[in-house]
Amino acid sequence: MTVARSKRTDFLFALVALLLFLVPAAINRSPILYPDSIGYFQAGKAATSAAHIPLSAHAPAIPPQAAPSAKMGIDTEDGVSDARSVYYGAAFALSWAIAGIWALPILQALLCVVAMYAALRHLAPDATRTLRWAVVAGIGLIGGAGIFATTIMPDIFAGLMILAVAMIAIYRPTLTRAELIGWLALGVAAILFHKSHLLLALGMLGALFLLGLVTRRQRWTSLGLIVLMIVAGGLGQVAFGIAARHAGLTVYSPPFVMARLIGDGTAEKYLRETCPQTHYATCRFLPRMPMTENDFLWSGDGSAVSFATLPAAEKARICDEQLPIVLGTLRSHGFEQLGKSLIGVFRQIATVGVTEYRLMPRDSLTTLLHPDIKAYQQSGIGHRTMPLRLISGLMLACYVLGGVALAILATRLRRSPGGFQAVPAWRTRLFEATLLVVFAVLLNGAVCGAISGVFDRYQGRVAWLIPMFALAILIQAGSARSDSPQRTR
């Protein structure tokens, strides 16, 4: 096959895979919008406004009192939250301004298709391009990657960040310069798009170091590149806070850990024991407890007071109280919290799906997205006809079956082909990459299950990696067996 014909074939395969990734959005008759999507857009709109980048010449005039997010994504008149990444928000706002609501989901789906195939070229080097593209298309259609790619949320980047770290960690010597730069850029972007991705990257860095100790083969260059990626993403997050403070705004991070302890009930017990003496600002929520972590932070009832509805000064006070309340709760009810956290971790690892996407974003005449949100009411999710449970069931089946297959196939990678032949290099690399990815998927469940509530989209955002790696092992092992027995690539 000539180079030109090969490129045309890859283009056609990529186009088919992209269309299959877009099937969930086509069924919904719209990219998926989640309530948080609006928060990201407002953060991005604020960032572009601060940079003097107009989003639309036809934007409706918004009264100052109705536009609390006009400065750097603030959600009160005198404070700024870093709960929604301005970087992802800027990507959303700019792509929307250029090409409309479909622009970002199509770009995300295209990025997934390219990244997954680029990874499979190294994970399954002996497999045919047809098999590799089939894996990409299958994971997009039924594995869950497609619906996350076409949702305007940074969730898909959790899995892509894990994939990027695994490729840099294990396959760096075989990557071209362009591939290496691409994986590094993808990793930095993912860290900028959500704080939880930073925790996953740090965890994978530690796992890679431990893997080097066990195998007595440290990959110092790979470790250094991953550190560079983490530092670049972390500095980008710090830069946002510096810019906001320079603008004279109060910056606060929602007290997610304390909210989780309140949801588990242990912080409630501690507050009832200590509020008469300590007079924490958080004590104002005691009459409404027990309450979930989401009720404490955001409250679905517009008439109820929540952290999000408080003035910035009181938010800052509650944020300052988070550490002493968390430490006091752990001292007083540590064993109870440990048990509840472990239950949350195991529940989160086993909970996969997208049923949470049934929630509709709130509309407002004052937002630039008003026409899109109004049109979204006619979508499959708006009419409650979108088969989110079916999609979740397919995702869970792929996750479970992929996990079982992965456990069986991965153990066989370490077996010698027989006789005096050494274990082929591709087996060692694929086995170690699989270990890293499985660790990261479990770590994602641990982080989300212990710190956030248990929601199916949290584990669903990375669950597609499990069937992808199971299929990668399957097609590579089958292709390698069909080659000459002398081949030890």
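Residues take their numbers from the sequence shown, with the count starting at 1.
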Please evaluate residues Val354 and Phe148 with respect to the criterion side chain to side chain contact (heavy atoms under 4.5 Å, CB included), reporting the C-alpha separation (whole Å), side-chain torsions for both, the decisive distance (0.1 Å), and the verdict.
CA-CA 8 Å; Val354 288; Phe148 280 98; 3.7 Å; yes
Show the numbers, then the answer: is there a side chain to side chain contact (heavy atoms under 4.5 Å, CB included) between Asn444 and Arg461?
CA-CA 9 Å; Asn444 178 79; Arg461 66 182 187 165; 2.7 Å; yes
Could you walk me through whether Thr130 and Phe13 pass the side chain to side chain contact (heavy atoms under 4.5 Å, CB included) test, one step at a time?
CA-CA 8 Å; Thr130 302; Phe13 277 134; 3.8 Å; yes
Which is it for Arg358 and Thr355 under the side chain to side chain contact (heavy atoms under 4.5 Å, CB included) test, yes or no, and what are the steps along the way?
CA-CA 6 Å; Arg358 71 186 185 280; Thr355 59; 4.2 Å; yes
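Rounded to the nearest 0.5 Å, atoms CD1 (Ile262) and CE (Met258) are 5.0 Å apart. Considering CD1 of Ile168 and OG1 of Thr221, their distance stands at 12.5 Å, rounded to 0.5 Å. Distance check: Leu474 CG to Ile408 CD1 gives 11.0 Å after rounding to the nearest 0.5 Å. Rounded to the nearest 0.5 Å, atoms CG (Asp10) and CZ (Arg132) are 8.5 Å apart.
A donor-acceptor contact closer than 3.5 angstrom is absent between the side chains of Tyr458 and Glu356.
A donor-acceptor pair under 3.5 Å is absent between the side-chain atoms of Glu293 and the main chain of Val257, judged by distance alone. In this structure a side-chain-to-backbone donor-acceptor pair under 3.5 Å is missing from Ser341 to Leu338. A distance-only check finds no donor-acceptor pair linking the side chain of Ser392 to the backbone of Gly353 [under 3.5 Å]. The backbone N or O of Ser196 lies less than 3.5 Å from a partner atom in the side chain of His194, making a donor-acceptor pair. Side-chain N or O atoms of Gln108 include one that pairs as donor or acceptor with a backbone N or O of Thr151 at under 3.5 Å. Remark: the backbone N or O of Gly380 is paired with a side-chain donor or acceptor of Asn28 at under 3.5 angstrom. Panel note: side chain Ser85, backbone Tyr87; a donor-acceptor pair is recorded below 3.5 Å. Distance alone, capped at 3.5 Å, places no donor-acceptor pair between the Arg412 side chain and the Leu409 backbone. The closest donor-acceptor contact from the side chain of Gln237 to the backbone of Ile191 lies under 3.5 Å.
Looking at every heavy atom in both residues, Ala149 comes nearest to Phe21 through CB-CD2, 4.1 Å. Summarising the geometry of Ser95 relative to Leu104, their closest heavy-atom pair is OG-CB, 3.5 Å, with the distance given to 0.1 Å. Here the closest heavy-atom approach between residue Trp183 and residue Ala119 is recorded as CZ2-N, 3.9 Å. Between Tyr34 and Pro361, the shortest heavy-atom contact is O-CB, 4.0 Å. The minimum heavy-atom distance between Thr48 and Lys45, with the atom names listed, is OG1-O, 2.8 Å. For the residue pair Leu18 and Leu110, the shortest heavy atom distance occurs at CD1-N, 3.6 Å.
Within the 4.5 Å cutoff, the side chain of Phe296 has no heavy atoms near those of the Arg288 side chain. Looking only at side-chain heavy atoms (C-beta outward), Val113 and Trp133 come within less than 4.5 Å of each other. Within the 4.5 Å cutoff, the side chain of Phe92 has heavy atoms near those of the Leu369 side chain. Here the side chains of Ile139 and Leu465 are not in contact, with every heavy-atom distance at 4.5 Å or above. Within the 4.5 Å cutoff, the side chain of Ser379 has no heavy atoms near those of the Met386 side chain. Looking at heavy atoms from C-beta onward, Ile381 lies in side-chain contact with Tyr376 at the 4.5 angstrom threshold. When side chains are defined from C-beta on, Pro255 does not count as touching Lys315, because their heavy atoms never get closer than 4.5 Å. Residues Ile142 and Cys398 form a side-chain contact, since some pair of their non-hydrogen atoms from C-beta on lies under 4.5 Å apart.
Checked against side-chain hydrogen bond (donor to acceptor under 3.5 Å, both in side chains), Arg260 has no partners two or more places apart in sequence or in another chain. Applying the side-chain hydrogen bond (donor to acceptor under 3.5 Å, both in side chains) test to Thr174 and every residue at least two apart in sequence or in another chain returns His122. Shown here are the side-chain hydrogen bond (donor to acceptor under 3.5 Å, both in side chains) partners of Thr292, two or more places apart in sequence or in another chain: Asp295. By the salt bridge (charged side-chain N to carboxylate O under 4.0 Å, His left out) test, Lys374 pairs with no residue at all, sequence neighbours left out. With sequence neighbours excluded, the residues that form a ring-ring contact (aromatic ring centres under 6.0 Å, His included) with Tyr88 are Tyr40, Phe193. Remark: Thr150 pairs with no residue by the side-chain hydrogen bond (donor to acceptor under 3.5 Å, both in side chains) rule, at least two apart or across chains.
Sorted by first and then second residue, the salt bridge (charged side-chain N to carboxylate O under 4.0 Å, His left out) pairs involving residues 170-189 (not counting sequence neighbours) are Arg121-Glu179. Contacts classified as salt bridge (charged side-chain N to carboxylate O under 4.0 Å, His left out) and involving residues 446-456 (residues at least two apart or in different chains) are not found. Identified under the salt bridge (charged side-chain N to carboxylate O under 4.0 Å, His left out) test for residues 14-29, with sequence neighbours left out: none.
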Only pairs under 3.5 Å count here: list side-chain donor-acceptor contacts from residues 154-166, not counting sequence neighbours, and write none if there are none.
unit_1: Asp155; atom_1: OD1; unit_2: Arg457; atom_2: NH1; d: 3.2
unit_1: Asp155; atom_1: OD2; unit_2: Tyr357; atom_2: OH; d: 2.9
unit_1: Asp155; atom_1: OD2; unit_2: Arg457; atom_2: NH1; d: 2.9

Could you list the donor-acceptor pairs under 3.5 angstrom formed between side-chain atoms of residues 342-352 and any protein atom two or more places apart in sequence or on another chain?
unit_1: Gln348; atom_1: OE1; unit_2: Phe455; atom_2: N; d: 3.2
unit_1: Gln348; atom_1: NE2; unit_2: Phe455; atom_2: O; d: 2.9
unit_1: Thr351; atom_1: OG1; unit_2: Arg347; atom_2: O; d: 2.5

Using residues 431-439 as the side-chain source, report each donor-acceptor pair under 3.5 Å to any protein atom, sequence neighbours left out, with the distance given to one decimal.
unit_1: Glu432; atom_1: OE1; unit_2: Arg217; atom_2: NH2; d: 3.2
unit_1: Glu432; atom_1: OE1; unit_2: Arg219; atom_2: NH1; d: 3.3
unit_1: Glu432; atom_1: OE1; unit_2: Arg219; atom_2: NH2; d: 2.3
unit_1: Glu432; atom_1: OE2; unit_2: Arg217; atom_2: NH2; d: 2.7
unit_1: Thr434; atom_1: OG1; unit_2: Leu430; atom_2: O; d: 2.7

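Between Asp264 and the options Gln337, His333, Lys340, a side chain to side chain donor-acceptor pair (under 3.5 Å) holds for only Gln337.
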